[in-house]
There are 4 protein chains.
Amino acid sequence: MAEAGVAASERRRPAVAGGKRQQNTERIRRALFDAAARVVGELGYAEASIARITEAAGVAQGTFYNYFASRQDLLNQLLPALGEEMLAHIAAEVRGISGEVEREERRFAAFFGFLQQRPAFFRILNEAELFAPQGFRQHFENIAEGYLAALRHAHARGALPGFTEEELEPLVFLLMAMRSYTSMRYAYTEGGQARRPPDALWSAYAKLMRHGLAGTGPAPGKPQKR
Amino acid sequence: MAEAGVAASERRRPAVAGGKRQQNTERIRRALFDAAARVVGELGYAEASIARITEAAGVAQGTFYNYFASRQDLLNQLLPALGEEMLAHIAAEVRGISGEVEREERRFAAFFGFLQQRPAFFRILNEAELFAPQGFRQHFENIAEGYLAALRHAHARGALPGFTEEELEPLVFLLMAMRSYTSMRYAYTEGGQARRPPDALWSAYAKLMRHGLAGTGPAPGKPQKR
Amino acid sequence: MAEAGVAASERRRPAVAGGKRQQNTERIRRALFDAAARVVGELGYAEASIARITEAAGVAQGTFYNYFASRQDLLNQLLPALGEEMLAHIAAEVRGISGEVEREERRFAAFFGFLQQRPAFFRILNEAELFAPQGFRQHFENIAEGYLAALRHAHARGALPGFTEEELEPLVFLLMAMRSYTSMRYAYTEGGQARRPPDALWSAYAKLMRHGLAGTGPAPGKPQKR
Amino acid sequence: MAEAGVAASERRRPAVAGGKRQQNTERIRRALFDAAARVVGELGYAEASIARITEAAGVAQGTFYNYFASRQDLLNQLLPALGEEMLAHIAAEVRGISGEVEREERRFAAFFGFLQQRPAFFRILNEAELFAPQGFRQHFENIAEGYLAALRHAHARGALPGFTEEELEPLVFLLMAMRSYTSMRYAYTEGGQARRPPDALWSAYAKLMRHGLAGTGPAPGKPQKR
DNA sequence: AATGAATGAGCTTTCATTCAT
DNA sequence: AATGAATGAAAGCTCATTCAT
């Protein structure tokens, strides 16, 4: 909202070196946002009351409403913001890999890697559909769109020979499903620390991607670098 | 809602014979259970207050605590009970099919078929993880266990040649993931009526099961019988 | 609400002697109502918080919502209920008086008499228009309607010879105006006790009613009995 | 709303000359005052928050407290200031009329005329008693005093022959009552535009003033010039 | 065993005022 | 003198659970 029109740095007093006021508000906004991510990550959306969030951020309850229109407003922003981080993380991990199957395997593993370094994401992702549906939809579209574009690209290159154009969307959902749902199974946080999935998951996924349930052919093992 | 509870004429009197008493308490327990399923199916767990459930069951609020230890207690029982129904439904549909891939395709479709005839299940399944975690876990184990047993059986028969014993459990999770998650995407209830997924879902799933992302080979189409 | 349909005494269990439960709920409803009247009378609508009302009634805050749908709901009921009392009081005082001017003088004085014995009414009446507009409208219509009917009756008997039919409604408003507004001026409660207007008010009113601003003719003095 | 405040281009710089500073603070005080009148006129006292007033005036919230001790302080000044305007308006309309009854009729009509051209006054007048009691009292005394002086003058001239000296004050209140209260009934603003009372009001008032409830004698009709 | 009213902790949100900049 | 963000008390309302009847 605030950033529309005038550049933030020029909005008030000629600005000596960024403006202390300016910096401070940005710090508080971040503090609230991070506090919310932490609280939701630990306790879930349902327990993420304004009281808890502001306390975690170290500000008064009323301060919250200087930065967000409502509790729901902030809650809706949580997932899309973290989703962008995730996308960037995965994109970085996949860069340079050739072969669609290999890329997909790397994406799958990178997703779990991100969960490892951002444990709060796990719960936020899983609860958002119910507690922050608007934010969830936005995130979902972000991800699905990018995913679909990647598969279409691959399809155009002839990389997914058996599938028709129309089957790509369902395929995206199936792939997202395995990621997301499996994370609930395997990556349940334990004492704030995300659990790592077993090696068998990587190989099972790889085999499924390469040969379906038949699963025959060379088992490539878990992607190395991750 | 209220009409589906205990008939008003039978609500008050203590009942004549001893057996009748038994029956009566069973009837009330059932009424509460069904009312809860209906309410959660329609409005979700969050809106399933004791007030609403008891009203739908046609009993007083206090009566609730003669049958269930707490709201959470009943909520936890919801999914496992419906899950058994689902299991029976799928088992019936798969009976007599040979070929593990064909069986899995049938299971996948039968899951959606069950959703069609029990729309409340959809919401209960999707929200239980958050609102009735204990019930969810129980249900999950029920399903996963049966699923794993089936795959082990198939594996023993040599039906899943590419997979190792340890990979069967992850595989179960991956398969359940696609089912469950896709149902959220495709089977969103619309006005109480469950939407059917598009044909491309069935073929995409079939191809993935038969050949992985390569997807080459004969596309078998959607399972016939339903 | 509750009294609709089934007589209260017959609604539950055959009723031995009124039912302790029954009596109790009635007692609490009354306690809340009276507490609200007291609080509004003393502190005004704006200060009549649920906390204050329930504390004054000696019940928990949550109890309030077993009896009234909302704070506004109770607030809206306050004035009409007291208005009925007032109407009854005035009707009793006017009974048997003949002569329209004499009746009007008696009504005027009876209004102040009621204020004397129900000091809370004063503030409730004066603030309701802003804080309980719905209740105010209902009360206003109650009063204006009865007043208009009385004047029409008098007019039909030839008692208000100079006025046309259409002028009766404005006349009602002018008469109500003097009552109500003057009460604010003269009857300001002082330490919970309503102040009495000076004798000159009665004679000024009487003269105005009898001769207008000309005011000539016998000054009848303040109505005796009251 | 915002456009009526201080011109943006003049808001910042401290002003060059000394006299300019003076003017500037006067301009801001005025802007706040006018903004408050506008906001209260449109939304009522209860909605007239500092945030809204300062926004409408085009200054920061904190600035408010350089000009007024508190929100209540400004609110209390609103009615007396507008009351002076009203007094001037009525005085101008009555000038040159002879005959006390005719003067009173003209005052009555002039009051409604002022409401017509200053619609905000309507709400401010009606709500002030509750939300700005101090300001209301001051205004009331202003008006009543002037009114009483006028009647005393008339009385001294023998214009109100039937009334005693002591009855003049109550009479003033009765007359003010009809004005003020009737304005609430008839002049309710509709879409920002004040509604005009019906013709029957003028004649009913005139008759009451001339002959009391008897009302006999020539009906003079609504005052012409307004 | 059934009733249904009482409880009170907890929630989100508003806003006059303060004060560092 | 002007700014505008921070404050925190207070509001209305909900609901699982208890318990006297």
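Proteins come first, then strands; the chains are lettered A, B, ... in the order of their sequence lines, and each starts at number 1.
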So is Arg29(C) actually on top of Phe68(C)'s ring, under 6.0 Å and inside 45° of the axis? yes
Identify, between Glu47(D) and Ala60(C), the residue whose nearest nucleotide on DNA chain E lies closer to the 5' end. Ala60(C)
Between [atom2] of [N] and [atom1] of [X], the distance in whole Å:
X	N	atom1	atom2	answer
Asp73(A)	dT12(E)	CG	P	14 Å
Glu26(C)	dA6(E)	CD	P	12 Å
Asn24(B)	dA1(E)	CG	C1'	9 Å
Gln23(C)	dA5(E)	CD	P	15 Å
Ile50(A)	dT7(F)	CD1	P	14 Å
Arg27(D)	dA1(F)	CZ	C1'	14 Å
Arg52(C)	dG12(F)	CZ	C1'	14 Å
Tyr45(D)	dA16(E)	OH	P	15 Å

Could you check whether any side-chain heavy atom of [X] comes within less than 4.5 Å of a side-chain heavy atom of [Y], counting everything from C-beta outward?
X	Y	answer
Gln138(D)	Asn76(D)	no
Val59(C)	Leu32(C)	yes
Leu130(B)	Tyr45(A)	no

Identify, residue by residue, the members of residues 62-72 of chain A with a heavy atom below 4.0 Å from DNA chain F, and return them in order of residue number, or none. Gly62(A), Thr63(A), Asn66(A), Tyr67(A)
Distance from Tyr65(D) atom OH to Arg71(D) atom CZ, nearest 0.5 Å? 8.5 Å
Would you give the length of the straight line joining atom CD1 of Ile53(A) to atom CG of Leu74(A), rounded to the nearest 0.5 angstrom? 5.5 Å
All stems with DNA chain F, defined as three or more consecutive Watson-Crick or G-U pairs under 3.5 Å: E:2-21 with F:2-21
For Ala120(A), is there any backbone N or O sitting under 3.5 Å from a side-chain donor or acceptor partner on Arg38(A)? no
Hey, can you tell me if Phe131(A) and Phe131(B) have their rings parallel, tilted or perpendicular (30° and 60° cut-offs)?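 Geometry flag for Phe131(B) against Phe131(A): tilted rings.
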Among the nucleotides dG4(F), dC13(F), dC11(E), which one has an atom lying closest to any side-chain atom of Gln61(C)? dC13(F)
Using a cut-off of strictly less than 4.0 Å, decide whether Ser49(A) has a side-chain nitrogen or oxygen near OP1 or OP2 of dC11(E). yes
Any side-chain donor near an acceptor of the partner, Arg27(C) and Asn24(C), under 3.5 Å: yes
